[in-house]
Amino acid sequence: VSGVMRIPAGVVTLTAAARIVERGPRYNVDQFRRHSPPMNAPAPDLIPPPAPTRVPVCGKRVTGHFPVRRIYCVGRNFADHAREMGASAPVSKAERGTPVFFLKPADALVTDGVAAYPPGTRDLHHEIELVVALGRDAPSGVLDPAQREALVFGYGIGLDLTRRDLQTAAKAKGLPWDTGKSFDQSAPISVLLPANEVGALTSRTLSLRVNGALRQESRLDQLIWDVPEILNALSKLYALRAGDLISMRTPAGVAALQPGDVCEGRLDDLLRLDCRIAPQR
Ligand code: MN
């Protein structure tokens with residue numbers, strides 16, 4: 001008779017599961033355990049494991065790879081960019097409030113210099129940012145000032161690519177920013193330099209050219225929250241670990257990108273990020 005679905009052997013139907021739950025006391029965990037591999041036996045991955053994301057480290061004395069765990073991103077951290085996005089920039093440190101954070105998945109990183117124009121948007125924006133790489137796990141609790149510097153492994157520069165139309169719509173409705181920010185290939189990044197080769201950040205200048213024309217440029221002393229302050233704020237919310245990257249938010253001058261555009265980010269002559277926007281996949 002059609003309309004009667006045959007259940008393949010071995011599949012636990014919802015009804016059967018409910019029956020098992022109903023019988024409660026007569027079943028115990030051991031009866032289920034015999035259907036799973038013993039705890040100590042090697043169990044194979046049943047799907048291919050995701051490829052780990054690594055960023056090259058190109059120091060004078062230290063070379064290798066930096067395996068990435070998480071990417072934390074900071075919102076509204078340059079006064080001029082906060083203004084251009086319609087937020088009021090704080091006039092003094094006391095009026096800064098608290099920084100805005102969001103995350104990108106580690107596999108959003110692009111290290112080969114080509115990012116595809118993403119689907120779902122007509123307004124892809126560039127945001128050039130300083131990226132801080134943590135080389136040690138933070139101790140539990142809020143970081144004290146002496147510990148903060150010791151966590152930093154090195155620095156890079158990155159593009160926080162943004163589907164601005166989706167982010168703006170989400171902001172207007174008070175919804176999360178994820179679809180505007182956390183998409184595939186949304187985080188092109190340069191190589192990393194060890195912290196001792198970058199030295200004091202405040203006199204460094206971050207810039208972005210698109211097809212040769214200057215779009216963004218700012219000294220890092222214009223950050224509303226500096227690196228130790230951001231690490232302190234993050235430590236109140238998350239357990240910071242070796243492998244975490246923190247993208248420090250962009251200066252003014254964000255604008256749209258088109259397929260074929262060539263981005264050239266710089267931190268003085270220390271770090272360079274080249275990225276071409278390829279046609280949509
Ligand atoms: Mn950003």
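Computation of the quantities below employed the complete heavy-atom set of this structure, encompassing side-chain atoms and omitting hydrogens, waters and symmetry-equivalent molecules. Read the numbers this way: they start at 1 and go in the same order the structure lists the ligands and their atoms.
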Side chains of [X] and [Y] only: does a donor on one sit below 3.5 Å from an acceptor on the other?
{"X": "Ser247", "Y": "Asp160", "result": "no"}
{"X": "Gln216", "Y": "Ser207", "result": "no"}
{"X": "Arg164", "Y": "Gln167", "result": "yes"}

What's the atom name of the N, O or S in [X] nearest to the Mn ion (ligand 1)?
{"X": "Asp160", "value": "OD2"}
{"X": "Glu127", "value": "OE1"}
{"X": "Glu129", "value": "OE2"}

key: Geometric cation-pi criterion Lys104 and Phe183, 6.0 Å radius, 45° cone   =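 Flagged: Lys104 positioned over aromatic ring of Phe183.
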